[in-house]
Colleague: 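The structure is given below, and queries will be raised subsequently.
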Amino acid sequence: MAAKIIDGKEISAAVKEQVRAEIERDKLSVGLAVVIVGDDPASRVYVNNKKKACELCGIKSYEYALPENTSEEQLLELVDTLNSDKNVNGILVQLPLPGHLNEKKVIERISPEKDVDAFHESNVGRIMIGNYAFLPCTPAGCMELIHSTGVEVAGKECVVIGRSNIVGKPMAMLLLHENGTVTVCHSKTKNLAEVCRRADILIAAVGRANFVTGDMIKEGAVVIDVGINRLDNGKLCGDVKFDEAVEKAGYITPVPGGVGPMTIAMLMKNTVTAWRIQNEKH
Ligand code: NDP
C-alpha cells in the first residue's frame, strides 16, 4: 500500500497560526532581524520566505541586505548593534556567507538569547544535554512531522543519514531525547543500505538527489526527506527517490512541501520564545 504523505505545508501553517494567535493574545511586540550578505539567489528566496512568514505571524522583520564585499568587521559591528537593540528578539544571519567571512566567528558573536537558529555553541551544547531554550529549526520541524504521524519515537530504530552540525547531529540528539535507538550514517558508513533497512524512522539529510532508493526502506517506515536538490531541469527534489519510497514507506514527506516549510515555522516559534526569554526574566 502506498505511504501516507506527510503534508508539511499544512502542518507548518498550523504552527504559524499558533504563533500568530499567541502573539495576538498576549499582545507581544516581537522582532526578527534577518541579515543577508551578497546576492546568492537561493539565500534570497529563503530570506523572502522568512519575511513572508513573519508578516503572517505578526512578527516585525528587519532586513539587512549587505553587499558581497562587506568586511567581517562591518558584519560583526551590525551583529553587536542588533544584540543591543531591544526591538530585535531574534537574529538570523543567512548562511552560507561569502568565502572571506568567517561564519563561525559571526555566529558566535550573536547573543545566545537571540540565536533563533540555535547555531551558537552554547545553544548547541544545551541541545546536547537536553536543556535547551531553542531547538534547531530543521530538526525540530522534522520532529513535528514525525509526531504528526502518531508514530512513537521511543524504542524505535532511527537512522539519520548525514552528520552536519545544523541537521544530522542535532536531529540525532532530538531522536535520542525521545528515546529512539539512533544510528547516524555518513560518507564512511559501510553497508549503508542495510543500516537504512533497519530503520522504523529514516531521516535523509545528505544533499544528493534520489540517494535513498526504495530497497533501502523498511516496509511501513516513517521517511523524512530533508534534502533540497536542484535537478538539471530546474526542478527541486529531495534525497529520497520518492516514486520508489512511497511504495514501501508508511509515511513520507514530499519535496517540496515537507521539511522546508517546517523549518521556517519553527523559526517563528523560536522568535517568540526569544521574546519570552528576554522579557520574562526573573
Ligand atoms: P552537509 O553537506 O553539511 O552534510 C551532508 C551529510 O551527508 C554529511 O554528513 C556527509 O557525510 C553525508 N553524506 C554525503 N554523501 C554521503 C554518502 N554517499 N553516503 C552517506 N552519507 C553521505 O549538508 P546539510 O546537513 O547542511 O544538508 C543536507 C541536505 O539538507 C541538503 O540537501 C540541504 O540543502 C538540505 N537542507 C534542508 C533544509 C530544509 O529546511 N529542508 C535545511 C538545511 C539543509 P560526511 O560527514 O562523511 O561528509
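Worth knowing before you read on, the calculation uses all heavy atoms, side chains too, and leaves out hydrogens, waters and symmetry mates. Order of listing sets the numbers, starting from 1, for every ligand and every atom in it.
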Colleague: Looking only at atom types and distance, does a side-chain atom of S61 sit under 3.5 Å from a main-chain N or O of C54, one as donor and one as acceptor?
Modeller: no

Colleague: Between A205, C196, A204, C185, flag the one that comes closest to atom 28 (C) of ligand 1 by a heavy atom.
Modeller: A205

Colleague: Using heavy-atom distances, let me know which of V206, I228, L95, T189 sits nearest atom 14 (C) of ligand 1.
Modeller: V206

Colleague: So is S187 polar-close to ligand 1, meaning N/O to N/O under 3.5 Å?
Modeller: yes

Colleague: Strictly by modelled atom types, are D239 and N210 linked by a side-chain donor-acceptor pair under 3.5 Å?
Modeller: no

Colleague: Return the closest protein heavy atom for atom 40 (O) of ligand 1 as residue, atom name and distance.
Modeller: T263 OG1, 2.8 Å

Colleague: Pick, from P136, G258, S164, the option with the minimum heavy-atom distance to atom 4 (O) of ligand 1.
Modeller: S164

Colleague: What do you reckon, does T138 put a non-hydrogen atom under 4.0 Å from ligand 1?
Modeller: yes

Colleague: Please determine whether side chain to side chain contact (heavy atoms under 4.5 Å, CB included) holds for the pair I201 and V153, giving the CA-CA distance in whole Å, both sets of side-chain angles, and the decisive distance to 0.1 Å.
Modeller: CA-CA 8 Å; I201 299 172; V153 175; 4.1 Å; yes

Colleague: Using side chain to side chain contact (heavy atoms under 4.5 Å, CB included), reason through M173 and K169 one step at a time and then give a plain yes or no.
Modeller: CA-CA 6 Å; M173 290 315 302; K169 280 187 210 162; 5.8 Å; no

Colleague: Between E17 and R20, does any NZ, NE, NH1 or NH2 come within less than 4.0 Å of an OD or OE carboxylate oxygen?
Modeller: yes

Colleague: Start with the C-alpha distance between R276 and D26, add both sets of side-chain angles, then the distance that settles salt bridge (charged side-chain N to carboxylate O under 4.0 Å, His left out), and finish with yes or no.
Modeller: CA-CA 11 Å; R276 294 207 181 276; D26 295 348; 2.6 Å; yes

Colleague: Distance to 0.1 Å, residue and atom name: give those for the protein heavy atom nearest to atom 20 (C) of ligand 1.
Modeller: H186 O, 3.1 Å

Colleague: Among all protein heavy atoms in this structure, tell me which lies nearest to atom 46 (O) of ligand 1, with the distance rounded to 0.1 Å.
Modeller: R163 NE, 2.7 Å

Colleague: At the 4.0 Å heavy-atom cut-off, does G168 count as touching ligand 1?
Modeller: no

Colleague: Starting from atom 44 (C) of ligand 1, locate the nearest protein heavy atom and write down its residue, its atom name and how far away it is, to 0.1 Å.
Modeller: V167 CG2, 3.9 Å

Colleague: Which residue and atom name correspond to the protein heavy atom nearest atom 36 (N) of ligand 1, and how close is it?
Modeller: V226 O, 3.7 Å

Colleague: With a 3.5 Å distance limit and no angle check, can you tell me whether D117 reaches the backbone of F119 through a side-chain donor-acceptor pair?
Modeller: no

Colleague: Answer side chain, backbone, both or neither: which part of R208 comes under 4.0 Å from ligand 1, heavy atoms only.
Modeller: side chain

Colleague: Less than 4.0 Å between a side-chain N and a carboxylate O, is that true for D39 and R44?
Modeller: no

Colleague: For ligand 1, which atoms have a heavy atom of G162 less than 4.0 angstrom away?
Modeller: 6 (C), 7 (O), 9 (O)

Colleague: Could you give me the CA-CA distance, side-chain angles and deciding distance for K218 and E157, then say whether salt bridge (charged side-chain N to carboxylate O under 4.0 Å, His left out) is met?
Modeller: CA-CA 11 Å; K218 181 177 177 177; E157 288 281 346; over 6 Å; no

Colleague: Quick one: look up the protein heavy atom nearest atom 29 (C) of ligand 1 and list residue, atom name and how far away it is.
Modeller: G207 N, 3.7 Å

Colleague: Please list the nearest protein heavy atom to atom 18 (N) of ligand 1 with its residue and the distance rounded to 0.1 Å.
Modeller: F211 CE1, 3.4 Å

Colleague: Do any N or O atoms from the side chain of N191 and from the backbone of E194 form a donor-acceptor pair under 3.5 angstrom?
Modeller: no

Colleague: Which atoms of ligand 1 have any heavy atom of G260 under 4.0 Å away?
Modeller: 40 (O), 41 (N)

